[in-house]
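Each ligand, and each atom within it, is numbered from 1 in the order the structure gives.
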Amino acid sequence: MALQKTIKRPIQCSGIGLHKGRKVRLVLRPAAEDTGLVFALHGQDGVRFFKPSPDAVVDTAMATTLGFGSRRLATVEHLLAAIRGLEIDNLHIEVDGDEVPIMDGSSGSFIFLLRAAGFRRQNKPRRMLTLKKPINFQQNGKWIKARPSDRLTVDYTINFDHPLVGTQRIFVDCSPENFTRQVAKARTFGFMREVEYLRRNGLALGGSLDNAVVMDEYGVINPEGLRFPDEFVRHKVLDFIGDLTVLGLPMTGDFEVHCSGHALNNAFVRYLMDNRETYLELDVSGSRLSPEEAFSPVFAPVPAWN
Ligand SMILES: [Zn+2]
(Lines give C-alpha, C1' and ligand atoms only; values in the text may rest on other atoms or scores of the structure.)
Protein backbone atom coordinates (compact mmCIF):
# COMPACT_ATOMS: atom_id res chain seq x y z
CA MET A 1 0.00 0.00 0.00
CA ALA A 2 1.43 3.37 -1.02
CA LEU A 3 1.34 5.86 1.81
CA GLN A 4 0.93 9.63 1.59
CA LYS A 5 4.07 11.73 1.55
CA THR A 6 5.07 15.21 2.70
CA ILE A 7 8.46 16.87 3.25
CA LYS A 8 10.49 16.53 6.45
CA ARG A 9 11.10 20.20 7.18
CA PRO A 10 10.29 23.67 5.80
CA ILE A 11 12.57 24.94 3.08
CA GLN A 12 12.70 28.17 1.11
CA CYS A 13 14.19 29.91 -1.88
CA SER A 14 14.05 33.33 -3.51
CA GLY A 15 13.96 34.19 -7.17
CA ILE A 16 12.46 36.63 -9.60
CA GLY A 17 8.97 36.40 -11.07
CA LEU A 18 8.81 36.02 -14.84
CA HIS A 19 6.22 38.69 -15.49
CA LYS A 20 7.10 41.56 -13.17
CA GLY A 21 10.76 40.76 -12.65
CA ARG A 22 10.48 41.34 -8.89
CA LYS A 23 12.09 39.19 -6.23
CA VAL A 24 9.74 36.66 -4.61
CA ARG A 25 10.20 34.32 -1.67
CA LEU A 26 8.81 30.79 -1.74
CA VAL A 27 8.53 28.66 1.41
CA LEU A 28 7.48 24.99 1.27
CA ARG A 29 6.25 23.45 4.53
CA PRO A 30 5.22 19.94 5.58
CA ALA A 31 1.44 19.40 5.80
CA ALA A 32 -0.69 16.84 7.65
CA GLU A 33 -2.30 13.78 6.02
CA ASP A 34 -5.25 14.49 3.71
CA THR A 35 -4.36 18.21 3.54
CA GLY A 36 -3.41 18.06 -0.13
CA LEU A 37 -1.78 21.14 -1.64
CA VAL A 38 -2.50 24.46 0.04
CA PHE A 39 -1.27 27.88 -1.13
CA ALA A 40 -0.56 30.47 1.57
CA LEU A 41 -0.55 33.88 -0.08
CA HIS A 42 0.50 37.14 1.53
CA GLY A 43 -1.64 40.23 0.99
CA GLN A 44 -2.48 43.50 2.69
CA ASP A 45 -4.78 41.69 5.14
CA GLY A 46 -2.19 39.08 6.06
CA VAL A 47 -1.75 35.49 4.93
CA ARG A 48 -4.71 33.60 3.46
CA PHE A 49 -4.98 29.95 2.44
CA PHE A 50 -6.34 28.50 -0.80
CA LYS A 51 -6.53 25.16 -2.55
CA PRO A 52 -5.89 24.75 -6.25
CA SER A 53 -8.78 23.75 -8.50
CA PRO A 54 -9.46 23.93 -12.26
CA ASP A 55 -11.90 26.81 -11.65
CA ALA A 56 -9.21 28.82 -9.85
CA VAL A 57 -7.24 29.15 -13.09
CA VAL A 58 -7.87 32.73 -14.27
CA ASP A 59 -5.25 33.13 -17.01
CA THR A 60 -3.41 30.75 -19.33
CA ALA A 61 -1.85 33.27 -21.72
CA MET A 62 1.85 32.69 -21.01
CA ALA A 63 1.74 30.58 -17.89
CA THR A 64 -0.94 29.15 -15.63
CA THR A 65 -2.24 31.78 -13.19
CA LEU A 66 -4.46 31.01 -10.22
CA GLY A 67 -6.83 33.62 -8.79
CA PHE A 68 -8.41 33.56 -5.35
CA GLY A 69 -10.58 36.62 -4.73
CA SER A 70 -8.33 39.63 -5.21
CA ARG A 71 -5.14 37.55 -4.98
CA ARG A 72 -3.28 36.21 -8.00
CA LEU A 73 -0.51 33.67 -8.27
CA ALA A 74 1.14 33.29 -11.68
CA THR A 75 3.43 30.59 -13.10
CA VAL A 76 2.37 27.79 -10.76
CA GLU A 77 2.86 24.97 -13.28
CA HIS A 78 6.59 24.23 -12.93
CA LEU A 79 6.31 24.00 -9.14
CA LEU A 80 3.14 21.87 -9.30
CA ALA A 81 4.83 19.56 -11.82
CA ALA A 82 7.77 19.03 -9.44
CA ILE A 83 5.39 18.25 -6.56
CA ARG A 84 3.41 15.75 -8.68
CA GLY A 85 6.58 14.39 -10.26
CA LEU A 86 8.01 13.53 -6.82
CA GLU A 87 4.60 12.16 -5.69
CA ILE A 88 4.24 14.57 -2.77
CA ASP A 89 0.66 14.50 -1.48
CA ASN A 90 0.58 17.12 1.26
CA LEU A 91 2.33 20.48 1.17
CA HIS A 92 1.92 24.10 2.18
CA ILE A 93 3.18 26.49 -0.49
CA GLU A 94 3.78 30.01 0.84
CA VAL A 95 4.52 32.83 -1.58
CA ASP A 96 5.09 36.48 -0.62
CA GLY A 97 4.35 37.86 -4.07
CA ASP A 98 1.98 37.21 -6.96
CA GLU A 99 4.23 34.88 -8.94
CA VAL A 100 6.07 31.67 -8.21
CA PRO A 101 9.77 32.44 -8.87
CA ILE A 102 10.73 31.33 -12.38
CA MET A 103 14.18 30.03 -11.28
CA ASP A 104 15.83 28.57 -14.42
CA GLY A 105 12.53 28.12 -16.31
CA SER A 106 12.27 24.41 -15.48
CA SER A 107 11.27 22.29 -12.47
CA GLY A 108 14.92 21.51 -11.67
CA SER A 109 15.32 23.99 -8.81
CA PHE A 110 12.08 22.87 -7.16
CA ILE A 111 13.12 19.22 -7.39
CA PHE A 112 16.46 20.17 -5.79
CA LEU A 113 14.67 22.11 -3.04
CA LEU A 114 12.12 19.37 -2.25
CA ARG A 115 14.80 16.69 -2.16
CA ALA A 116 16.93 18.87 0.11
CA ALA A 117 13.95 19.13 2.52
CA GLY A 118 13.72 15.31 2.57
CA PHE A 119 10.55 13.23 2.46
CA ARG A 120 8.40 11.85 5.23
CA ARG A 121 5.99 8.95 4.72
CA GLN A 122 2.68 9.43 6.50
CA ASN A 123 0.23 6.88 7.89
CA LYS A 124 -2.70 7.13 5.50
CA PRO A 125 -2.89 5.55 2.02
CA ARG A 126 -2.40 7.77 -1.04
CA ARG A 127 -5.54 9.10 -2.74
CA MET A 128 -5.28 9.07 -6.53
CA LEU A 129 -7.76 10.42 -9.05
CA THR A 130 -8.30 7.79 -11.72
CA LEU A 131 -10.29 7.72 -14.95
CA LYS A 132 -13.43 5.59 -15.12
CA LYS A 133 -13.35 5.41 -18.90
CA PRO A 134 -11.39 6.77 -21.88
CA ILE A 135 -11.81 10.37 -22.94
CA ASN A 136 -10.96 12.10 -26.21
CA PHE A 137 -10.84 15.88 -25.75
CA GLN A 138 -10.26 17.85 -28.96
CA GLN A 139 -10.16 21.52 -29.91
CA ASN A 140 -9.00 23.00 -33.23
CA GLY A 141 -6.81 20.09 -34.30
CA LYS A 142 -5.20 19.76 -30.86
CA TRP A 143 -6.13 16.98 -28.49
CA ILE A 144 -5.71 15.22 -25.17
CA LYS A 145 -6.71 11.55 -25.18
CA ALA A 146 -6.62 9.57 -21.97
CA ARG A 147 -7.22 5.98 -20.89
CA PRO A 148 -7.60 4.61 -17.35
CA SER A 149 -4.36 3.39 -15.80
CA ASP A 150 -2.93 3.06 -12.33
CA ARG A 151 0.19 4.96 -13.48
CA LEU A 152 0.77 8.36 -15.05
CA THR A 153 2.18 8.13 -18.55
CA VAL A 154 2.38 10.91 -21.13
CA ASP A 155 2.93 10.45 -24.87
CA TYR A 156 3.34 14.01 -26.16
CA THR A 157 3.76 15.37 -29.70
CA ILE A 158 4.48 18.96 -30.70
CA ASN A 159 4.73 20.49 -34.13
CA PHE A 160 6.32 23.94 -34.50
CA ASP A 161 7.18 25.51 -37.82
CA HIS A 162 10.81 26.14 -36.85
CA PRO A 163 13.96 24.42 -38.18
CA LEU A 164 15.15 23.51 -34.70
CA VAL A 165 11.83 22.22 -33.34
CA GLY A 166 9.65 20.75 -36.09
CA THR A 167 7.86 17.61 -34.91
CA GLN A 168 9.04 16.17 -31.59
CA ARG A 169 7.52 13.28 -29.69
CA ILE A 170 8.34 11.68 -26.36
CA PHE A 171 6.82 9.02 -24.11
CA VAL A 172 7.37 9.37 -20.37
CA ASP A 173 6.33 6.91 -17.69
CA CYS A 174 6.23 9.40 -14.83
CA SER A 175 7.80 7.69 -11.85
CA PRO A 176 9.72 10.16 -9.64
CA GLU A 177 12.99 8.85 -11.13
CA ASN A 178 11.83 9.23 -14.73
CA PHE A 179 10.29 12.65 -14.10
CA THR A 180 13.51 13.87 -12.50
CA ARG A 181 15.76 12.44 -15.19
CA GLN A 182 13.72 12.99 -18.38
CA VAL A 183 11.48 16.00 -17.74
CA ALA A 184 12.37 18.17 -14.74
CA LYS A 185 15.31 20.06 -16.26
CA ALA A 186 13.64 20.95 -19.57
CA ARG A 187 13.24 24.73 -19.77
CA THR A 188 10.44 26.87 -21.05
CA PHE A 189 11.05 28.29 -24.52
CA GLY A 190 10.04 31.19 -26.69
CA PHE A 191 10.83 33.04 -29.88
CA MET A 192 12.79 36.28 -30.12
CA ARG A 193 9.94 38.05 -31.92
CA GLU A 194 7.58 37.18 -29.02
CA VAL A 195 10.10 38.42 -26.46
CA GLU A 196 10.31 41.80 -28.21
CA TYR A 197 6.53 42.05 -28.34
CA LEU A 198 6.15 41.09 -24.66
CA ARG A 199 8.78 43.60 -23.54
CA ARG A 200 7.11 46.40 -25.48
CA ASN A 201 3.91 45.56 -23.61
CA GLY A 202 5.51 45.45 -20.17
CA LEU A 203 5.28 41.65 -19.89
CA ALA A 204 7.91 39.00 -19.15
CA LEU A 205 10.04 41.68 -17.47
CA GLY A 206 11.90 38.97 -15.55
CA GLY A 207 12.47 36.86 -18.65
CA SER A 208 16.07 36.34 -19.78
CA LEU A 209 18.39 33.72 -21.21
CA ASP A 210 18.82 32.57 -17.58
CA ASN A 211 15.25 31.27 -17.43
CA ALA A 212 14.17 30.41 -20.97
CA VAL A 213 15.41 28.93 -24.19
CA VAL A 214 15.05 31.71 -26.75
CA MET A 215 15.16 31.11 -30.50
CA ASP A 216 15.62 33.40 -33.44
CA GLU A 217 14.70 32.32 -36.97
CA TYR A 218 17.63 29.90 -37.23
CA GLY A 219 18.42 28.46 -33.85
CA VAL A 220 18.92 28.91 -30.12
CA ILE A 221 20.37 32.20 -28.89
CA ASN A 222 21.41 30.87 -25.47
CA PRO A 223 25.20 30.42 -25.51
CA GLU A 224 24.97 27.14 -23.55
CA GLY A 225 22.62 25.60 -26.13
CA LEU A 226 20.00 22.97 -25.26
CA ARG A 227 19.92 20.55 -22.33
CA PHE A 228 18.30 17.84 -24.49
CA PRO A 229 17.97 17.80 -28.30
CA ASP A 230 14.19 17.56 -27.74
CA GLU A 231 14.05 19.88 -24.72
CA PHE A 232 10.94 21.57 -26.18
CA VAL A 233 8.62 18.56 -26.07
CA ARG A 234 10.02 17.56 -22.68
CA HIS A 235 9.04 20.96 -21.31
CA LYS A 236 5.55 20.49 -22.74
CA VAL A 237 5.25 17.25 -20.74
CA LEU A 238 6.33 19.20 -17.65
CA ASP A 239 3.69 21.89 -18.26
CA PHE A 240 1.02 19.25 -18.86
CA ILE A 241 1.76 17.47 -15.56
CA GLY A 242 1.74 20.81 -13.70
CA ASP A 243 -1.56 21.81 -15.31
CA LEU A 244 -3.16 18.45 -14.36
CA THR A 245 -2.14 19.04 -10.76
CA VAL A 246 -4.50 22.03 -10.36
CA LEU A 247 -7.11 19.28 -9.82
CA GLY A 248 -5.74 19.27 -6.27
CA LEU A 249 -5.19 15.50 -6.22
CA PRO A 250 -2.62 13.42 -8.09
CA MET A 251 -4.14 11.99 -11.26
CA THR A 252 -3.25 8.78 -13.06
CA GLY A 253 -3.94 7.73 -16.65
CA ASP A 254 -2.28 7.04 -19.98
CA PHE A 255 -2.33 10.39 -21.80
CA GLU A 256 -1.72 11.04 -25.48
CA VAL A 257 -1.31 14.77 -26.03
CA HIS A 258 -1.03 16.51 -29.38
CA CYS A 259 0.03 20.19 -29.59
CA SER A 260 -1.65 21.22 -26.34
CA GLY A 261 -0.82 24.26 -24.22
CA HIS A 262 -1.94 25.83 -20.95
CA ALA A 263 -5.35 26.87 -22.35
CA LEU A 264 -6.30 23.41 -23.64
CA ASN A 265 -4.82 21.71 -20.56
CA ASN A 266 -7.05 23.86 -18.37
CA ALA A 267 -10.13 23.34 -20.57
CA PHE A 268 -9.49 19.59 -20.20
CA VAL A 269 -9.25 19.57 -16.39
CA ARG A 270 -12.30 21.84 -16.15
CA TYR A 271 -14.22 19.41 -18.33
CA LEU A 272 -13.13 16.48 -16.15
CA MET A 273 -14.16 18.34 -13.01
CA ASP A 274 -17.52 19.42 -14.47
CA ASN A 275 -18.20 15.81 -15.57
CA ARG A 276 -16.58 14.11 -12.61
CA GLU A 277 -19.51 11.68 -12.09
CA THR A 278 -18.85 10.33 -15.60
CA TYR A 279 -15.07 10.33 -15.77
CA LEU A 280 -13.44 10.35 -12.34
CA GLU A 281 -13.17 8.22 -9.28
CA LEU A 282 -10.85 8.15 -6.31
CA ASP A 283 -8.57 5.19 -5.78
CA VAL A 284 -7.53 4.68 -2.16
CA SER A 285 -5.25 1.62 -2.13
CA GLY A 286 -7.44 -0.31 -4.53
CA SER A 287 -10.92 0.70 -3.32
CA ARG A 288 -12.84 3.08 -5.51
CA LEU A 289 -14.77 6.02 -4.12
CA SER A 290 -17.20 8.35 -5.88
CA PRO A 291 -16.05 11.77 -7.11
CA GLU A 292 -18.03 13.46 -4.33
CA GLU A 293 -16.13 11.48 -1.74
CA ALA A 294 -12.98 12.11 -3.71
CA PHE A 295 -13.33 15.85 -3.76
CA SER A 296 -14.81 16.31 -0.28
CA PRO A 297 -11.34 16.86 1.23
CA VAL A 298 -10.53 19.25 -1.61
CA PHE A 299 -13.66 21.29 -0.90
CA ALA A 300 -13.23 21.14 2.87
CA PRO A 301 -12.13 24.26 4.76
CA VAL A 302 -8.46 24.91 4.21
CA PRO A 303 -6.26 24.09 7.19
CA ALA A 304 -3.57 26.62 8.07
CA TRP A 305 -0.19 25.52 9.33
CA ASN A 306 0.45 25.86 13.04
ZN1 LIG B 1 6.33 25.87 -18.74
Quick check: does H262 have an N/O/S atom under 2.8 Å of the Zn ion (ligand 1)?
no
Residues at least two apart in sequence or cross-chain that pass side chain to side chain contact (heavy atoms under 4.5 Å, CB included) with E196, listed by chain then number, are M192, R200
Report whether any nitrogen, oxygen or sulfur of D239 sits less than 2.8 Å from the Zn ion (ligand 1) (N, O or S, backbone or side chain).
yes
Please confirm whether the ring centroid of F160 lies under 6.0 Å from the ring centroid of F189.
yes
Salt bridge or not for R187 and D104, using N-O below 4.0 Å?
no
State the atom name: nearest N, O or S atom of H78 to the Zn ion (ligand 1).
NE2
I need the I11 CD1 to R9 CZ distance, nearest 0.5 Å.
7.5 Å
